[in-house]
S.K.: 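Following this message is one structure expressed as structure tokens.
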Amino acid sequence: MTGSNLVTPDDLGKRVPFQFELPNGFRSEAVGIFERWDQAAETYLVRKKDGTQARVPARGVRYGKVIPQ
């Protein structure tokens, strides 16, 4: 999948929005603070406003960027 992902592991602690596709074909979004990069799973972990954590698979990212603060 080709997308526009401008988020890198160096962006930890920054606010990010992602649009991504899950392995089952469904699409989802996550907006929040980029808390951790799971290298083994190639997954971004994002803490959303409601306190839950979203797992964003890097291969499925259609769109991702850092929001300037």
S.K.: To the nearest 0.5 Å, what is the distance between CD on Gln19 and OG on Ser28?
M.R.: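 Between Gln19 CD and Ser28 OG, I get 10.0 Å after rounding to 0.5 Å.
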S.K.: Check whether any side-chain heavy atom of Arg62 sits under 4.5 Å from a side-chain heavy atom of Arg27, and report yes or no.
M.R.: yes
S.K.: With hydrophobic residues grouped by side-chain heavy-atom distances under 4.5 Å, do Trp37 and Val16 end up in a single group?
M.R.: yes
S.K.: Is the shortest side-chain heavy-atom distance between Val61 and Val56 below 4.5 Å?
M.R.: yes
S.K.: Check step by step if side chain to side chain contact (heavy atoms under 4.5 Å, CB included) holds for Arg15 and Val31.
M.R.: CA-CA 7 Å; Arg15 187 166 168 79; Val31 178; 3.5 Å; yes
S.K.: Rounded at 0.5 Å granularity, tell me how far NZ in Lys14 sits from CD in Gln69.
M.R.: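 Between Lys14 NZ and Gln69 CD, I get 9.0 Å after rounding to 0.5 Å.
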S.K.: Indicate yes or no for a side-chain donor-acceptor contact from Thr52 to the backbone of Asp50 under 3.5 Å, with no hydrogens or angles considered.
M.R.: no
S.K.: State yes or no: do Ile67 and Leu12 share one hydrophobic cluster built from I, L, V, M, F, W and Y residues joined by side-chain heavy-atom distances below 4.5 Å, directly or via other members?
M.R.: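 No.
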S.K.: With heavy-atom distances below 4.5 Å as the criterion, would you say the side chains of Tyr63 and Asn5 are in contact?
M.R.: no
S.K.: Determine whether Asp38 and Arg55 make a side-chain contact, defined as any pair of heavy atoms from C-beta on separated by less than 4.5 Å.
M.R.: yes
S.K.: List the atom of Lys48, the atom of Ala54, and the distance in Å for their closest heavy-atom pair.
M.R.: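 Minimum heavy-atom separation between Lys48 and Ala54: CD-CB, 4.1 Å.
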S.K.: Under 4.5 Å between side-chain heavy atoms, hopping through other hydrophobics if needed: is there a path connecting Leu45 to Phe18?
M.R.: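 Not linked; separate clusters.
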S.K.: Without hydrogens or angle criteria, can the side chains of Tyr44 and Asp11 be said to hold a donor-acceptor pair below 3.5 Å?
M.R.: no
S.K.: Would you say Lys65 and Pro17 make side-chain contact, with heavy atoms under 4.5 Å?
M.R.: yes
